Amino acid sequence: MSTSTLSTARPRAAVLRTEVRLFRREPGGIFWILMFPTLLLVILGSIPAFRESDKSLGGLRLVDLYVPVVVLVAMITAGVQSMPQALTGYRERGILRRMSTTPVRPSSLLSAQMLVHGLAVLVSTLLALAVGRLVFDVRLPEQLAGYVLALVLAVLAAIALGSVVSAVSRTTKIAGAIGSAVYFPMMFCAGVWLPVQSMPHTLARVVELTPFGAAARALGQAASGDWPGWGHLGVLAAWTVLLSALAARWFRWE
Amino acid sequence: MCRTGSGRDPRAMTTHPVIEVSGPRKSYGGRAVVDGVTFAVEEGEIFGILGPNGAGKTTTVECVEGLRTPDEGRVRVAGLDPVADHEQVSRVLGAQLQQSELQAKITVREALELYASFYPHPADWRPLAEHLDITGQLTARFGKLSGGQKQRLFIALALIGNPRVVVLDELTTGLDPRARRDTWRLIEDVRGNGVTVLLVTHFMEEAQRLCDRIAVIDKGRIAALDTPAGLIRRASGSTVISFTPSAPLDEDELQALPALASVAHKDGRITLAGTDETVNAVISLLARQHITAHQLRVTDATLDDAFLDLTEASA
């Protein structure tokens with residue numbers, strides 16, 4: 001119904017505007033999602049060894065590999081740490097219920113939160129790319145279309161994973177605990193301690209089957225000018241579909 | 001049933017009750033929380049739902065708000081099904097929920113503007129905020145408001161869509177006596193503007209002062225439905241007589257008083273509950289025995305007494 005679509009477009013936009021405004025009032029979210037990834041890049045990049053080209057990495061420097069990695073740090077932080085806190089908090093504190101009594105569905109609050117976190121990750125990505133380019137002379141993604149595609153798929157996977165965390169957590173406390181338990185393995189897979197490209201062969205093959213291992217490979221390939229491997233993109237898409245289905249199945253409104 | 005066509009203004013149907021609840025049942029884990037509660041609320045009424053904790057009050061109004069689907073039975077708001085026609089019902093029904101909050105960092109003004117954007121013909125939030133005395137808090141964040149300010153904001157949000165009906169669930173719980181009285185005045189103003197009020201409470205004084213009619217709910221069923229005065233009359237022992245006799249009275253003669261509901265002795269003082277008939281009989285008994293009744297008091301029972309009597313009777 002076109003009239004119904006029209007009548008819900010305005011409130012949905014208002015909900016999104018409010019959630020963007022509220023996100024900007026959260027210093028924790030701003031620091032950990034927007035600032036920290038680039039800060040990590042600056043710290044690692046200031047180690048001289050990170051700026052020496054390495055033959056085993058095809059002449060790339062470690063700092064080149066770390067730009068996609070810190071982008072993934074932003075994504076994982078937004079998806080499994082920040083967003084589940086907001087969503088379970090909204091449920092726990094009756095905010096979703098309150099909205100259920102209005103003509104606007106509470107799902108618009110959930111989708112606004114997902115969009116806000118997705119947007120925050122994009123801003124964080126631009127910041128990391130800009131600082132990498134200006135401070136460490138890291139080349140901008142050479143296969144731009146492939147990079148954007150991999151980035152979007154990875155953000156969707158992170159949001160889907162965060163939705164599962166929100167769905168299985170009855171309270172914000174549980175969401176915090178599960179979020180942290182998921183956070184560190186995901187950070188490892190993304191290559192925060194050791195980039196996937198430098199992992200031993202067998203470990204790398206396994207890590208590439210996880211959402212952020214696949215994302216790290218896809219972003220790395222696109223950054224150095226290749227089209228990201230369809231296998232990696234496929235792994236990301238499959239995780240997104242699976243996790244979204246689980247989140248939709250397990251999510252409780254109360 | 002009466003479903004309004006999309007082009008018809010539901011306000012035109014004044015002959016039907018604005019809220020009809022006929023026998024919804026709702027069970028959780030085999031235990032019936034609401035079991036066949038039936039009542040109808042007329043346009044412009046303040047209708048109270050009173051009952052002990054866990055009686056099924058909130059579940060009943062959640063069926064009216066469309067937050068729960070009854071297992072069986074029928075609920076209509078302005079002739080519409082609150083679950084199936086949720087969007088239309090939510091435009092004519094404003095709700096204040098027990099235990100719900102807003103985002104901690106949203107300001108009062110932002111909340112009012114946001115909720116106003118949800119409705120096709122919202123009220124202007126400025127006079128509403130003024131009326132509810134929250135203009136001083138417009139830039140304050142929700143998390144920093146006092147309990148009374150939060151409640152006033154929730155009343156404003158319940159009214160912002162220009163509803164025909166507002167449902168207020170335990171609105172004054174946790175407020176200090178002054179804030180509670182201020183809130184009562186607001187509820188009377190709301191009704192003064194033609195809005196029907198469905199009020200859930202466990203404060204007798206609140207129900208007695210505000211409500212035109214009250215449904216007393218106990219264990220998921222209606223124990224009584226009447227005006228506050230009617231409920232008091234209906235309870236056995238609606239009149240209370242107390243006095244300190246100058247000489248002991250014979251217990252058998254006391255027990256034989258007509259329409260007596262209860263007798264209590266404390267520190268030489270006798271308290272009898274009954275009706276006007278009991279009053280007359282006790283006065284003639286005292287006269288016959290030449291006993292003087294010191295500090296004789298005859299008072300009407302309160303809704304409190306009636307409530308206890310009604311909910312005990314169904315136990």
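Worth saying up front: this structure is predicted, and the values here are computed from it rather than measured. So you know, we letter chains A, B, ... as the sequences are listed, proteins then strands, and number each from 1.
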If the condition is side chain to side chain contact (heavy atoms under 4.5 Å, CB included), which residues does B/A215 pass it with, not counting sequence neighbours? B/F47, B/I222, B/L225

Does B/Y119 have B/R91 sitting over its ring (NZ/CZ under 6.0 Å from centre, angle to axis within 45°)? no

So what's closer than 4.5 Å to chain A heavy atoms on B/L157: side chain, backbone, both or neither? both

Quick one: what part of B/A111 sits under 4.5 Å from any heavy atom of chain A, side chain, backbone, both or neither? neither

Is there a side-chain contact between A/F23 and A/I33 (heavy atoms, below 4.5 Å)? yes

Please state whether the side chain, the backbone, both or neither of A/R21 comes within less than 4.5 Å of a heavy atom of chain B. side chain

Residues 96-117 of chain A: residues contacting chain B (heavy atom under 4.5 Å, by number): A/R97, A/R98, A/M99, A/S100, A/T101, A/T102, A/P103, A/V104, A/R105, A/L109

Residue among B/P82, B/G66, B/A104 with most heavy-atom pairs under 4.5 Å to chain A: B/A104

With chain B, which of A/E92, A/R17, A/E26 has the greatest number of heavy-atom pairs at distances under 4.5 Å? A/E26

Using the ring of B/F142 (Phe, Tyr or Trp, six-membered ring only), decide whether B/K105 places NZ or CZ under 6.0 Å from its centre and within 45 degrees of its axis. no

Are the side chain of A/Q81 and the backbone N or O of A/G176 linked by a donor-acceptor pair below 3.5 Å? no

Under a 4.5 Å heavy-atom cut-off, does chain A meet the side chain of B/Q98, its backbone, both or neither? neither

